[in-house]
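Lettering follows sequence order; numbering is per chain, from 1.
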Amino acid sequence: MLDIKFIKENKEIVKEGAKKKRIEIDIDKLVILDDDRLKMLKEVEDLRAEVNRVSNDIARDQDPALKVQLIEEMRLVKDEIKKKEENLKIIMDEWHKLMLSVPNVPDISVPDGETDAENQEVKVWGEKPVFNFEPKDHVEIMTALKMVDFERGVKVHGFRGYFLINDGAKLSFAVWSYAMEFFSARGFIPVIPPAIDRKENFIGTGFLPQSEEDLYKTQGGDYLAGTAEVPVMGMHAGEVLDKNNFPLKYLGFSPCYRLEAGSHGKDVKGLIRVQEFYKLEQVLLCEASHETSVKFHEEITQNAEEFIESLGLPYHKVVNCGGDLGLGQVKKYDLEIWVPKEDKYRETHSASYFHDFQTRRLNIRYKDDDGRLKYAHSLNNTAIATPRILVSLVENYQQADGSVKIPEVLRKYMGGREFLK
RNA sequence: GGAGACGUGGCUGAGUGGUUGAAGGCACCGGUUUCGAAAACCGGCAUCGGGGAAACUCGAUCGUGAGUUCAAAUCUCACCGUCUCCGCCA
């Protein structure tokens, strides 16, 4: 959510921003609505002030006849207030709905573009593997090594179901353990949050109301989080944080549930696009300064880059174009790791910053040096997601004999083994 | 699952219909005192929104949302949450 004052004072910037994100929003309508809102609010408040004033008179005045008369007068004013309040409520509902739809303004450095096809590559790292044999895809490799069972996965879960078994499960634990150690060393506080979360957390982080069709829902009206970003951000909702603890760096570990409603035809095979997976997520809260946000955005991106590099996986980094940005995001980098058999990079990490878009909705503030309460800034980036990462791990490290070499850094979590076979 | 109690400012804690946005304490910030510090004393200290250059002023907020009333922290209802006892499970 943006500040309505900011919207009114920077109408053109907000409009341009929405356009860059390819989001339809009628800012002029919102501005008119807000003028109405303020006018109506003033009328209601003036009437309330009168009632308050006279009520005090009633309490003080000893003359019973006068009391009765004043009470009668106030009764009429109350009726008027009621009518005006009803009007105000209608305006407020509409106002609120529109406010939740206003996208955050993308940074000037965000390239223009419609879809992810127009994201710009800004970095390429690593050597793509050259095989002197016909490489296999991860489904083949992992099935042969009995690391995964899709048939039974579909039997038990349905479409996109999978079991990770034996080395598939072990490798997942290895990745998690390694990531836990890696990110802890960089000052991240590990958190295992609830993944079944109240609606407010989804509105607060910007996933609702827009992406309802992608979320699993419970009978109680809660939702299953598609990322630990939701509960970890919700953790401090409504709080006034101590500035001295900034930046707050959390490493959230949670199952992630995504309906993938709009992508039933895509990536139907394998572990790339599943409805239930696990992710370690970097979530960061800092003071409200653009420079600070940018600094930490680069930092959490760098963290992930170095993590991937330590695994020895070739990847590239893209700046997402305007059309590929979410409602609240100011700027986003995606890291995409090489998948040899598909002959392309696949997204594994997504690093974005939001300014106070999320914290305003979640009411996360801190007291600044000038004594004023300010909304903190928030950012997040993937640390690592399984099982998607296993795809590039096994495909890039596959050997002619069908075995898979285990990256050096993971070996200590795999009992010192060098190969999966 | 059954019965009961409770939810007040950064924290603690009074307040059961009328100038109560809310006593007292702690914490915090100024000042006096002191060579300095502590203690003591004096003063300040909620948030959000509207108007105003400002002083200031108006409105809202005592878990959340509705309601009763001229007037609600205080009464009613629903919801959320916490605690205690019993039961159940581990």
Side-chain angles (χ1 to χ4, degrees), chain A residues 1-9 30-100 102 193-194 196-204 208 217-223 230-231 234-246 248 285 287-288 356-376:
Chain A
M1 189 142 64
L2 294 179
D3 187 350
I4 182 64
K5 280 191 204 149
F6 175 86
I7 295 173
K8 285 173 105 169
E9 284 163 17
L30 176 61
V31 170
I32 291 167
L33 199 60
D34 190 61
D35 290 339
D36 285 353
R37 174 188 143 256
L38 289 179
K39 186 170 153 261
M40 195 59 81
L41 192 64
K42 175 102 178 98
E43 287 178 20
V44 169
E45 287 188 350
D46 285 349
L47 288 177
R48 276 194 199 141
E50 191 190 345
V51 170
N52 287 344
R53 199 170 353 97
V54 175
S55 288
N56 283 334
D57 290 346
I58 292 171
R60 251 171 301 161
D61 208 302
Q62 295 307 308
D63 178 3
L66 187 61
K67 252 186 203 182
V68 170
Q69 188 199 327
L70 289 177
I71 288 173
E72 203 44 51
E73 278 173 24
M74 283 311 100
R75 194 167 285 151
L76 295 176
V77 177
K78 270 309 276 269
D79 288 344
E80 206 182 336
I81 291 180
K82 204 158 214 167
K83 258 183 253 161
K84 286 191 187 296
E85 274 178 338
E86 276 164 24
N87 281 334
L88 182 62
K89 189 177 180 308
I90 293 168
I91 293 174
M92 282 301 290
D93 287 349
E94 177 78 12
W95 182 86
H96 202 239
K97 220 168 108 190
L98 263 177
M99 283 295 282
L100 284 179
V102 178
I196 306 172
D197 303 314
R198 292 174 185 286
K199 192 173 186 177
E200 302 85 81
N201 303 290
F202 293 83
I203 294 172
L208 285 175
K217 221 183 293 186
T218 72
Q219 307 92 308
D222 292 336
Y223 294 81
V230 174
M235 187 161 69
H236 289 302
E239 295 182 16
V240 176
L241 302 173
D242 186 347
K243 186 176 189 272
N244 295 318
N245 295 330
F246 282 160
L248 277 174
L285 286 163
E287 64 183 278
D356 61 6
F357 187 89
Q358 295 184 317
T359 53
R360 185 180 295 276
R361 291 178 172 212
L362 289 164
N363 194 24
I364 300 173
R365 297 175 296 173
Y366 67 96
K367 193 168 251 174
D368 209 351
D369 295 334
D370 58 11
R372 301 192 59 82
L373 288 170
K374 292 196 175 133
Y375 291 108

Open item on the list: What is the distance, to the nearest angstrom, from the CG atom on A:Leu38 to the P atom on B:G50?
Closed with: 7 Å

- [ ] Take atom CG of A:Asp197 and atom P of B:G81, then tell me their distance rounded to the nearest Å.
- [x] 13 Å

Task: Distance, rounded to the nearest Å, where A:Glu80 contributes CD and B:C70 contributes C1' - done: 15 Å

Task: Of A:Glu72 and A:Lys5, the one whose closest RNA chain B nucleotide lies more 5' - done: A:Lys5

- [ ] Can you tell me, in whole Å, how much space there is between the C1' of B:C62 and that of B:U12?
- [x] 15 Å

Open item on the list: Under 3.5 Å for both donor-acceptor distances, Watson-Crick or wobble: does B:A3 have a partner, and if so which one?
Closed with: B:U84

- [ ] For B:U8 and B:U69, measure between their C1' atoms and round to the nearest Å.
- [x] 22 Å

Task: Nearest-Å distance once atom P is located in both B:A23 and B:G44 - done: 13 Å

Open item on the list: Against A:Met99, only a single residue in A:Leu2, A:Ile7, A:Leu33 fulfils side chain to side chain contact (heavy atoms under 4.5 Å, CB included); can you say which?
Closed with: A:Ile7

Open item on the list: Rounded to whole Å, please give me the gap between CD1 in A:Ile71 and P in B:U68.
Closed with: 17 Å

Open item on the list: Below the 4.0 Å mark, does B:G81 have OP1 or OP2 next to a side-chain nitrogen or oxygen of A:Arg198?
Closed with: yes

- [ ] Nearest whole angstrom, please: distance from the P of B:G10 to the CG of A:Asn245.
- [x] 17 Å

Open item on the list: From C-beta outward on A:Arg75, which listed nucleotide comes closest to its side chain: B:C48, B:G49, B:U69?
Closed with: B:U69

Task: Rounded distance in Å between the P positions of B:C75 and B:U16 - done: 9 Å

- [ ] Searching all strands shown, indicate the nucleotide that pairs with B:C26 (Watson-Crick or G-U wobble; both distances under 3.5 Å).
- [x] B:G10

Open item on the list: Taking pairing as Watson-Crick or G-U wobble with both contacts under 3.5 Å, can you name the mate of B:A78, or confirm there isn't one?
Closed with: B:U64

TODO: Count the heavy atoms of every other residue, nucleotide or ligand shown that sit under 6.0 Å from NZ of A:Lys89, and state whether that count exceeds 12.
DONE: no

Open item on the list: Taking the P atom in each of B:C56 and B:C77, what is the distance between them to the nearest angstrom?
Closed with: 43 Å

Task: Any strand: nucleotide that pairs with B:G21 via Watson-Crick or wobble, under 3.5 Å - done: none

Open item on the list: Nearest whole Å is fine: how far is B:U69 P from A:Glu73 CD?
Closed with: 18 Å

Open item on the list: In whole Å, measure the gap between the P atoms of B:G21 and B:A46 for me.
Closed with: 15 Å

TODO: Going 5' to 3' through nucleotides 54-67 of chain B, assign each nucleotide B (protein heavy atom under 4.0 Å from a base atom), S (under 4.0 Å only from sugar-phosphate atoms) or - (no protein heavy atom that close).
DONE: ----SSS-------

TODO: Identify which nucleotide among B:G49, B:C70, B:C48 has an atom closest to any side-chain atom of A:Arg365, counting heavy atoms from C-beta outward.
DONE: B:C48

- [ ] Write down the partner of B:C56 under the Watson-Crick or G-U wobble criteria, each distance required to be under 3.5 Å.
- [x] B:G51

Open item on the list: Which heavy atom of A:Met1 sits nearest to which heavy atom of A:Arg360, and what is that distance?
Closed with: O-CD, 3.2 Å

Task: Atom NZ of A:Lys8 with >12 non-hydrogen neighbours under 6.0 angstrom - done: yes

Open item on the list: Distance check needed: B:G21 C1' versus A:Asn56 CG, whole Å only.
Closed with: 13 Å

Task: A:Arg37 and A:Asp34 ion-paired at < 4.0 Å - done: yes

TODO: For B:C35 versus B:G10, give the span between their C1' atoms, rounded off to a whole number of Å.
DONE: 36 Å

TODO: Give the rounded distance in Å between these two atoms: NZ of A:Lys374 and P of B:C48.
DONE: 12 Å

Task: Heavy atoms of other groups near A:Leu373 CG, more than 12 under 6.0 Å - done: yes

Open item on the list: Both distances below 3.5 Å, Watson-Crick or wobble geometry, any strand: find the nucleotide opposite B:U32.
Closed with: B:A40

TODO: Answer whether the closest heavy-atom distance between the side chains of A:Leu47 and A:Glu50 falls below 4.5 Å.
DONE: yes

Task: C1' gap between B:U84 and B:A27, integer Å - done: 31 Å

Open item on the list: Any base atoms under 4.0 Å from A:Val54, or only sugar-phosphate, or nothing? Heavy atoms, all strands.
Closed with: nothing

- [ ] Can you label the angle between the A:Tyr366 ring and the A:Phe246 ring as parallel, tilted or perpendicular, going by 30° and 60°?
- [x] perpendicular

Task: Min side-chain heavy-atom separation A:His96-A:Leu100 under 4.5 Å - done: yes

